[in-house]
Amino acid sequence: MNYEVIIVGAGPAGIFTALELNKREPNKKVLLIEAGRSIDKRSCPKEKTNKCVSCKPYCHITTGFSGAGAFSDGKLSLNYEVGGDLPELIGGNLVQKYIDYTDKIYLEFGADNRVEGLDNPEAVKEIRRKAIEGNLKLVDCPIRHLGTEKAQEIYLKIQEHLLEKGIEIKFNTSVKDLIIENGKIKGVKVTDSVTRTKDEDISSDTVVVATGRKGSDWFKDMCIDHDIAHKAGTVDIGVRVELRNEVMESVNNVLYESKLIGYPAPFKDKVRTFCQNPGGFVSQENYDNNMAIVNGHSYKDKKSNNTNLAILSSHNFEEPFNQPIEYGKKVAELVNMLGNGSILVQRYGDILAGKRTWQKELDRSNVRYTLPDAVAGDLTSAIPYRTMTNIINFIESLNVVVPGFASEETLLYGPEIKFYSNKVIIDENFETNINGLYCLGDSSGWTRGLMMASAMGVMMGEKLA
């Protein structure tokens with residue numbers, strides 16, 4: 001089989017590449033390859049069982065049409081300063097132009113018209129003043145909140161639109177290898193992702209890799225095997241924090257999501273908040289080898305009494321070490337080991353007291369944990385000292401902005417790790433050193449989040465038209 005363009009991965013970057021390319025070149029023969037199911041066939045058994053059952057051969061939260069985005073809280077960050085390093089490659093003003101353009105596409109497919117964070121500038125100034133007092137930087141970023149259930153509806157409409165327009169999508173299909181000859185891409189080798197049979201070669205002189213965080217490890221292997229230029233990037237290691245809405249309402253009501261950055265002593269590493277979910281729920285994602293990673297989401301209509309958000313500590317390694325993804329995995333494995341394969345949860349007060357948390361202590365807390373199968377324990381026995389020190393000192397700074405954030409009963413879940421540390425060397429057209437091979441989205445290491453990945457996909461589609 002031969003196609004003019006092959007797109008590997010049906011996450012936001014791949015989807016929007018196909019959307020824009022089809023809009024500009026409707027007769028182009030395009031194939032979209034996805035390891036998981038169509039979005040209408042994706043479901044997590046945990047909604048009924050209240051316990052992760054480790055779905056095989058892949059987790060339905062991280063894999064399938066629209067990627068992990070379909071089961072996230074669905075927040076679109078509308079400022080180019082949030083969502084990755086793409087502005088360093090092509091310039092902030094250009095990225096902002098495509099964010100605005102991509103936002104209109106989301107609106108066309110049913111996104112909520114409301115934008116959070118614009119209603120009360122005086123209250124924002126007060127939050128910024130407190131952030132400065134706590135040695136933190138508040139990043140202004142309007143947010144369009146899709147909601148977990150609404151995001152799935154929107155991506156279903158996009159999936160149906162692509163199929164109606166003639167975009168071929170191969171579901172349950174994994175790319176085993178890239179076919180590269182004399183420095184040029186020639187196609188991909190694929191197999192059935194469930195049975196691992198039905199191997200075949202598919203030809204194309206243009207291949208776009210957009211496999212997201214889930215596929216970043218696979219693409220790093222491809223980079224090593226085929227001498228695709230790349231470098232070790234940053235690995236973000238942290239926790240998911242959960243506390244009562246009453247504590248967070250001064251921020252939730254004004255910004256919905258507060259994006260705060262700090263460089264706490266003594267190490268001065270970058271630490272930031274990420275993915276804040278007012279009235280949200282802590283969730284679990286499973287990666288290869290049954291690795292359990294914590295996340296969070298929020299619905300448009302269903303609400304809890306809690307707010308959850310991530311606190312991530314960024315780590316950059318120097319020579320000779322160049323395996324930050326593997327480092328993050330080792331940390332996750334240790335935390336999972338202590339939780340017997342489950343997400344671990346600990347009260348902040350117990351961390352300061354140097355003790356583990358017991359289930360009976362969780363049960364009597366004001367903060368009722370929203371991840372039902374989380375296991376009470378001791379995160380500090382697995383998370384590195386430097387990371388844990390960064391998190392603790394950052395929480396103390398956050399307490400200046402949000403009094404009560406550093407309460408003894410604030411819950412910390414782990415591990416939360418972002419696997420986008422492999423950074424692929426690409427030019428301004430997103431092409432690698434292999435002729436005809438492009439890389440974008442979170443798997444490229446240049447984006448971090450729905451909107452930036454989607455906008456990068458729009459740019460890719462325009463460039464290929």
Side-chain angles (χ1 to χ4, degrees), residues 72-84 92 96 99-100 103 106-107 111-148 150-151 236 238-263 270-282 295-301 303-312 367 370 394-407 410 416 448-452:
S72 73
D73 58 305
K75 286 195 294 292
L76 303 178
S77 300
L78 304 181
N79 186 322
Y80 76 88
E81 292 185 89
V82 174
Q96 188 63 54
I99 286 175
D100 296 340
D103 185 40
Y106 272 105
L107 288 170
D112 192 339
N113 285 312
R114 176 172 171 75
V115 176
E116 308 286 349
L118 301 178
D119 295 340
N120 197 334
E122 291 303 316
V124 173
K125 286 182 181 179
E126 178 59 17
I127 294 172
R128 180 175 290 105
R129 185 194 67 77
K130 290 182 177 179
I132 293 170
E133 183 181 347
N135 295 314
L136 301 175
K137 178 183 178 181
L138 176 68
V139 179
D140 288 323
C141 184
I143 297 289
R144 191 180 305 283
H145 180 222
L146 305 180
T148 302
K150 302 298 181 183
D236 285 347
V239 295
R240 173 80 31 181
V241 178
E242 187 171 43
L243 61 169
R244 293 278 302 191
N245 287 330
E246 291 91 337
V247 177
M248 291 296 297
E249 63 183 359
S250 62
V251 170
N252 291 346
N253 294 342
V254 176
L255 293 173
Y256 190 85
E257 175 162 19
S258 56
K259 293 186 177 293
L260 293 158
I261 301 171
Y263 299 85
K270 180 181 179 180
V271 184
R272 63 190 174 98
T273 61
F274 178 79
C275 187
Q276 184 170 314
N277 299 299
F281 298 83
V282 177
N295 208 330
H297 57 223
S298 59
Y299 299 92
K300 271 294 188 181
D301 300 323
K303 299 294 181 183
S304 75
N305 293 319
N306 298 343
T307 294
N308 68 73
L309 68 153
I311 295 179
L312 299 173
V367 185
T370 59
F394 188 80
I395 287 175
E396 294 302 322
S397 292
L398 265 174
N399 200 61
V400 177
V401 184
V402 184
F405 195 96
S407 165
T410 294
E416 176 131 358
R448 300 175 184 178
L450 289 179
M451 177 51 82
M452 192 74 84

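The first residue of the sequence shown is numbered 1, and numbering continues consecutively from there. We use all heavy atoms of the structure for the numbers below, so side chains are in, but hydrogens, waters and symmetry mates are not. Please read these numbers as outputs of a predicted model, since none were measured by experiment.
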Is there side-chain contact between [X] and [Y], with at least one heavy-atom pair below 4.5 Å?
X: V254; Y: E116; answer: no
X: Q276; Y: V251; answer: yes
X: N135; Y: Y263; answer: no
X: S407; Y: R244; answer: no
X: M248; Y: P278; answer: no
X: D140; Y: E81; answer: no
X: L138; Y: L255; answer: yes
X: L309; Y: L243; answer: yes

Donor on one side chain, acceptor on other, T307 and N252, under 3.5 Å: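 There is such a pair (donor and acceptor under 3.5 Å, judged by atom type) between the side chains of T307 and N252.
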Search all heavy atoms of [X] against all heavy atoms of [Y] and return the closest pair with its distance.
X: N277; Y: C275; result: ND2-O, 3.3 Å
X: T273; Y: S258; result: OG1-O, 2.8 Å
X: D112; Y: K300; result: OD2-NZ, 2.8 Å
X: L146; Y: A111; result: CD2-CB, 3.5 Å
X: G404; Y: V247; result: C-CG1, 3.7 Å
X: Y80; Y: M452; result: O-CE, 3.4 Å

How far does [atom1] of [X] sit from [atom2] of [Y], to the nearest 0.5 angstrom?
X: F274; Y: R448; atom1: CZ; atom2: CZ; value: 9.0 Å
X: L78; Y: Q96; atom1: CG; atom2: CD; value: 8.0 Å
X: N79; Y: M451; atom1: CG; atom2: CE; value: 11.5 Å
X: K270; Y: F394; atom1: NZ; atom2: CZ; value: 10.5 Å
X: L136; Y: K259; atom1: CG; atom2: NZ; value: 14.5 Å
X: D119; Y: N253; atom1: CG; atom2: CG; value: 11.0 Å

Among L260, I311, D236, side chain to side chain contact (heavy atoms under 4.5 Å, CB included) partner for R272: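 Result: among L260, I311, D236, D236 is the only option passing the side chain to side chain contact (heavy atoms under 4.5 Å, CB included) with R272.
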Residue K303 excluded, over 12 heavy atoms near NZ under 6.0 Å: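 Counting neighbours around NZ of K303, more than 12 heavy atoms of other residues, nucleotides or ligands fall under 6.0 Å, so yes.
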Say whether, by atom type as modelled, one donor and one acceptor occur between the side chain of [X] and the main chain of [Y] under 3.5 angstrom.
X: N308; Y: G296; answer: no
X: N245; Y: S304; answer: yes
X: R144; Y: N113; answer: yes
X: K130; Y: E126; answer: no
X: K150; Y: G74; answer: no
X: S77; Y: C141; answer: no
X: K75; Y: G449; answer: no
X: N306; Y: G280; answer: no
X: T370; Y: V282; answer: yes

Residues that F405 engages under ring pair (Phe, Tyr, Trp, His ring centres under 6.0 Å), provided they are two or more places apart: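 Checked F405 against ring pair (Phe, Tyr, Trp, His ring centres under 6.0 Å); zero matches.
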Set of salt bridge (Lys or Arg N to Asp or Glu O under 4.0 Å) partners for E133, sequence neighbours left out: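 Residues passing salt bridge (Lys or Arg N to Asp or Glu O under 4.0 Å) with E133: R129.
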Salt bridge (Lys or Arg N to Asp or Glu O under 4.0 Å) against D100, all qualifying residues, sequence neighbours excluded: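 D100 satisfies salt bridge (Lys or Arg N to Asp or Glu O under 4.0 Å) with no other residue.
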Whether F281 and H297 hold their rings parallel, tilted or perpendicular, with breakpoints at 30° and 60°: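 F281 and H297: tilted rings.
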